[in-house]
**Q** 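Sharing a structure below in structure tokens format, with a few things to ask.
Order of the sequence lines sets the chain letters (A, B, ...), proteins ahead of strands, with each chain counted from 1.
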Amino acid sequence: MYGPQGWWPLITKKNSVLQCLYHPKSFEIPNTQPQQYEICIGAILTQNTAWRNVIQALINLNQINALNHKTAQKIQIEMLKEAIRPAGYFNQKAKKIQAFNDFYSQMDNRIPSRDQLLSVWGIGPETADSILLYAYKQVSFVVDTYTRRIFTNLGLIHEKMKYDEIKQIFEKNLNADIEIYQEYHALIVQHAKQYYQKKDTYASDPLIERLNLRHHRV
DNA sequence: AACCAGGACGTGA
DNA sequence: TCACGTCATGGT
């Protein structure tokens, strides 16, 4: 229904203007360290925040050379706060970014484990999985509130399941394929934006008929 | 004008 | 463990 999604979106210069663009069917991205780092920062900034609010924050960060880890490390926290203000929670998120910066330089270009990411202040399960899946191309399924909402509505999981329980259900039933994992989560978000913004639209999810299911009240 | 976004952390029971 | 409060901007 939705076609290739091309997650994770990246800040790009187009016609000398900065935009945030998706890259459908280009699974080699990210292919530079700044792109990899940008995805990590975006994953932190989008915590409980609409992506459209994150875009301006990323553009501001790019302006002060804070989307390149080498130069980002030196930026004062007050400067950081000002840049990311449009993304909300700027006091917390500035600290989270600095905590991640320390971790990132400590990792010295190696691929972090999930537990290592979770040990960083400000990185919880969803952010860790997003970083693994989209920045490091590790086959790790991302579970977000949309995933929980859709699949609860379809009656395929229980509302109060823990994060890792839901994650395991997907990982047991999917081929360990990076492209499938990346696109599946992106499609869940896209689908949720269509049918799961307001509760009165849950019952009209076309997947209910398509999969011959009955929707469950959330 | 409430409500909610691609969550995580701190606290008290 | 678990439920709940807190963090903050911006669009609908």
**Q** Whole angstroms only, please: what is the CD-P distance between Gln92(A) and dC7(C)?
**A**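 After rounding, the gap between these two atoms is 8 Å.
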
**Q** Rounding to a whole Å, what distance do you find between Gln194(A):CD and dG6(B):P?
**A**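 Rounding to the nearest Å, CD of Gln194(A) and P of dG6(B) are 13 Å apart.
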
**Q** Where the side chain of Val189(A) is defined as all heavy atoms beyond and including C-beta, which of dG6(B), dA3(C), dA8(C) is the nearest nucleotide?
**A**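 When the side chain of Val189(A) is considered, dG6(B) is the closest of dG6(B), dA3(C), dA8(C).
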
**Q** What does the list of N/O pairs under 3.5 Å between the protein and nucleotides 10-13 of chain B look like, with a distance for each?
**A**
from, atom 1, to, atom 2, distance (Å)
dG10(B), OP1, Trp121(A), NE1, 3.2

**Q** When you compare the side chains of Tyr196(A) and Asn153(A), does any donor N or O come within less than 3.5 Å of an acceptor on the partner?
**A**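 Yes, because at least one side-chain N or O of Tyr196(A) sits under 3.5 Å from a partner of the opposite role on Asn153(A).
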
**Q** On the ring face of Phe90(A), is Arg85(A) found with NZ or CZ under 6.0 Å from the centre and within 45° of the axis?
**A**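 Yes, a cation-pi geometry.
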
**Q** Among the candidates dG6(B), dG7(B), dA3(C), find the nucleotide nearest to the side-chain atoms of Lys160(A).
**A**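 Of dG6(B), dG7(B), dA3(C), dA3(C) is nearest to the side chain of Lys160(A).
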
**Q** Can you tabulate the close N/O pairs, meaning under 3.5 Å, that link protein atoms to atoms of nucleotides 10-12 of chain C?
**A**
from, atom 1, to, atom 2, distance (Å)
dG10(C), O4', Asn53(A), OD1, 3.4
dG10(C), O4', Asn53(A), ND2, 3.4
dG11(C), O4', Arg52(A), NE, 3.2
dG11(C), O4', Arg52(A), NH2, 3.4

**Q** Are Asn91(A) and dA8(C) close enough that a side-chain N or O sits under 4.0 Å from OP1 or OP2?
**A**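 Yes, because at least one side-chain N or O of Asn91(A) sits under 4.0 Å from OP1 or OP2 of dA8(C).
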
**Q** Expected output is a numbered-order residue list: members of residues 134-148 of chain A with a heavy atom under 4.0 Å from any atom of DNA chain C. What is it?
**A**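 Result for residues 134-148 of chain A: none.
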
**Q** Enter the distance from Ile39(A):CD1 to Leu10(A):CG here, rounded to the nearest 0.5 Å.
**A**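 Going from CD1 on Ile39(A) over to CG on Leu10(A), the span is 5.0 Å.
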
**Q** Using a strict heavy-atom distance below 4.0 Å, which residues from residues 123-132 of chain A are in contact with DNA chain B?
**A**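 By residue number: Ile123(A), Gly124(A), Pro125(A), Glu126(A), Thr127(A).
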
**Q** Atom CD of Glu183(A) and atom P of dG6(B): how far apart are they, to the nearest Å?
**A**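 Rounded to whole Å, this separation is 17 Å.
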
**Q** Salt bridge (Lys or Arg N to Asp or Glu O under 4.0 Å): which pairs involve residues 57-84 of chain A, sequence neighbours left out?
**A**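 Passing the test, one end in residues 57-84 of chain A: Glu78(A)-Lys81(A).
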
**Q** Within residues 162-181 of chain A, find the residues that approach DNA chain C with a heavy atom at under 4.0 Å, and present them sorted by residue number.
**A**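 Contacts with DNA chain C under 4.0 Å: Lys162(A).
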
**Q** Give a yes or no answer on whether the side chain of Gln35(A) reaches the backbone of Asn31(A) with a donor-acceptor pair at less than 3.5 Å.
**A**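 Yes, the answer is positive, given that a donor and an acceptor are paired below the 3.5 Å cut-off.
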
**Q** Looking only at the side chains, is there a donor atom on one of Asp102(A) and Gln98(A) sitting less than 3.5 Å from an acceptor on the other?
**A**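 Not at all, the side chains of Asp102(A) and Gln98(A) share no donor-acceptor pair under 3.5 Å.
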
**Q** What is the nucleic acid contact for Lys193(A), judged by heavy atoms within less than 4.0 Å: base, sugar-phosphate only, or nothing?
**A**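 Base contact.
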
**Q** Measure CG/Leu45(A) against P/dA8(C) and give the value in whole Å, please.
**A**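 Interatomic distance, CG of Leu45(A) to P of dA8(C): 13 Å.
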
**Q** Flag as yes if Phe90(A) stacks onto the base of dA8(C) (centroids under 5.5 Å, planes under 30°), otherwise no.
**A**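 Base of dA8(C): not stacked against Phe90(A).
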
**Q** Going by atom types only, do Asp205(A) and His191(A) share a side-chain donor-acceptor pair under 3.5 Å?
**A**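 Asp205(A) vs His191(A): donor-acceptor pair found between side chains.
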
**Q** In terms of side-chain heavy atoms, does Tyr181(A) have a donor or acceptor partner in Asp129(A) at a distance below 3.5 Å?
**A**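 Checked: Tyr181(A)/Asp129(A) side chains show no N/O donor-acceptor pair below 3.5 Å.
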
